[in-house]
There are 2 protein chains.
Amino acid sequence: MLSTMKLYNYFRSSASFRVRIALQLKGLNYDYVPVHIAKGEHKKEAYSAVSADLLVPMLETVGERLSQSMAIIEYLDETHPSPPLLPGDALGRAKVRALAQSVACEIHPLNNLRVLKYLVRELKVDEDAKNTWYRHWVREGLEGFERQLMQLPASTYCYGETPTLADCCLVPQIFNAKRFNVNFDGLSRAMAAYEACMALEAFQKAQPSACPDNEP
Amino acid sequence: MLSTMKLYNYFRSSASFRVRIALQLKGLNYDYVPVHIAKGEHKKEAYSAVSADLLVPMLETVGERLSQSMAIIEYLDETHPSPPLLPGDALGRAKVRALAQSVACEIHPLNNLRVLKYLVRELKVDEDAKNTWYRHWVREGLEGFERQLMQLPASTYCYGETPTLADCCLVPQIFNAKRFNVNFDGLSRAMAAYEACMALEAFQKAQPSACPDNEP
């Protein structure tokens with residue numbers, strides 16, 4: 001199949017990783033366009049000419065440019081429904097979206113590169129305090145995530161027996177948190193879902209080390 | 001109509017405000033259950049007995065408890081489709097969700113009460129630096145929001161001629177940013193959408209000063 005989609009992304013970006021997982025789960029081909037966030041390429045002219053919000057990921061498809069990882073994944077799910085990344089009922093969708101947003105609205109925004117840079121450059125926070133900040137929000141957020149999982153029936157993935165939008169968000173967050181030595185004690189449901197996902201080929205193919213712009 | 005929904009919320013919470021707007025736009029009755037976030041009531045036993053993530057808003061309906069404002073609004077939109085808060089086509093929905101997430105994932109998480117408290121208590125940031133932090137992320141985020149609006153056809157609200165999920169997120173963010181004297185220069189599309197929304201009865205009825213727990 002000829003590739004018709006183009007994903008602007010960065011190997012280490014947690015939000016980019018979410019979309020790569022969704023594309024892999026759905027077996028969709030795409031062109032990988034690297035944008036080196038750590039070098040500030042997202043703020044330079046080549047990218048600002050195509051991106052409105054100067055963030056990755058951005059998906060180019062059907063002549064349109066879509067931003068925000070969860071919006072992109074919902075779009076992919078609506079236009080390529082199989083396999084589904086959201087449950088078939090409204091209540092199930094609400095629960096999966098809430099799990100996804102617990103990561104995307106409560107944890108990740110506090111720990112992305114531009115925020116960590118602001119802490120260091122503007123607030124003169126030292127390395128230790130920066131790492132404590134990172135770990136604090138990840139740990140607090142994952143505890144809330146775990147409590148949500150505990151109210152759901154037992155399942156292999158976050159919600160049910162197939163990966164959903166919730167797993168697309170959880171996996172990159174845990175993956176990155178491992179680099180910062182976050183304490184995962186007591187997060188057994190979340191960690192079990194993470195391990196189940198990482199055993200799948202789609203998640204392996206989407207991970208940073210499988211990206212063309214990976215820096216070992 | 002007998003009220004069957006219960007909204008746990010806080011008058012000053014921007015995320016609670018989003019859901020109040022959606023409920024008003026759809027003409028849905030609900031019981032208002034105040035949770036005093038500034039006094040830490042969300043972390044006390046009465047609330048932790050019912051809430052998994054210890055956050056507001058939480059919607060109790062059909063015997064279920066739903067969290068995360070955008071997930072709640074999508075649920076309301078699916079179960080009470082009129083008037084719709086998302087466009088009828090996948091591309092339109094992707095754009096509206098991206099706008100909503102630009103606020104909910106890029107701006108608001110950096111400026112909610114627990115983060116500002118952490119800056120002051122843990123990082124010993126002074127009042128000036130705290131306010132600069134607040135204004136920095138709101139301004140940067142709204143600039144990206146405005147650039148997204150500029151790529152859309154002219155419209156009364158964020159997207160089209162009726163309020164959507166994007167307006168539900170934008171309005172509380174601007175409303176709160178006004179308290180922090182954020183500079184809104186050059187954000188003409190966003191501000192016009194804000195003003196158009198605030199002229200509607202639904203937004204007036206949802207605003208903090210109309211809440212039973214409002215503190216003047």
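Given the structure is predicted, the values throughout are model-derived calculations rather than measurements. The chains referred to below are lettered A, B, ... by the order of the sequence lines, with proteins before strands, and numbering in each begins at 1.
For A:T79, the part lying under 4.5 angstrom from a heavy atom of chain B is the side chain only. Contact annotation for B:L91: both backbone and side-chain heavy atoms come within less than 4.5 Å of a heavy atom of chain A. For B:H108, no part lies under 4.5 angstrom from a heavy atom of chain A. Only the side chain of B:L123 comes within contact range of chain A, with heavy atoms under 4.5 Å apart. For chain A, the nearby part of B:E64 is the side chain; its heavy atoms alone come within less than 4.5 Å. Neither the backbone nor the side chain of B:T61 comes within less than 4.5 Å of any heavy atom of chain A. Proximity to chain A is limited to the side chain of B:Q151, based on heavy atoms less than 4.5 angstrom apart. Contacts between A:E78 and chain B at a heavy-atom distance below 4.5 Å involve the side chain alone, from C-beta outward.
Remark: side-chain polar atoms of A:Q68 are not paired, donor with acceptor, to backbone N or O of B:L99 under 3.5 angstrom. Under a 3.5 Å cut-off, the side chain of B:R147 and the backbone N or O of A:A52 do form a donor-acceptor pair.
Here A:E106 is the residue among A:E106, A:M150, A:E122 with the most heavy-atom pairs under 4.5 Å with chain B. Counting heavy-atom pairs closer than 4.5 Å to chain B, the top residue among A:A94, A:A104, A:C105 is A:C105. Ranked by heavy-atom pairs under 4.5 Å with chain A, the list B:E146, B:E143, B:R65, B:H136 is led by B:H136. Of the listed residues B:I72, B:N112, B:L110, B:L66, the one with more heavy-atom pairs under 4.5 angstrom with chain A than any other is B:L110. Of the listed residues (B:G144, B:S102, B:A129, B:S51), the one with the most heavy-atom contacts under 4.5 Å to chain A is B:S102. Taking chain B as the reference chain and counting heavy-atom pairs below 4.5 Å, the highest number among A:E140, A:K124, A:R114 is found for A:R114. With respect to chain B, the highest number of heavy-atom pairs below 4.5 Å among A:V125, A:D53, A:V115, A:L54 belongs to A:V115.
When all heavy atoms of B:A90 and A:Y75 are compared, the pair lying nearest together is O-CD1, 3.6 Å.
Taking a 6.0 Å sphere around NZ of A:K117, one finds it holds more than 12 heavy atoms contributed by other residues, nucleotides or ligands.
A:W137 and B:Y118 have tilted rings, their planes meeting at an angle from 30° to 60° on a 0 to 90° scale.
Taking a cutoff of 4.0 Å between a charged side-chain nitrogen and a carboxylate oxygen, B:R93 and A:E74 do not qualify as a salt bridge.
B:Q101 contributes atom CD, which lies 8.5 Å from atom OG of A:S67 (distance to the nearest 0.5 angstrom).
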**side-chain contact (heavy atoms from CB on, under 4.5 Å) evaluation trace for A:R97 with B:M70** = CA-CA 8 Å; A:R97 285 182 179 128; B:M70 290 189 299; over 6 Å; no
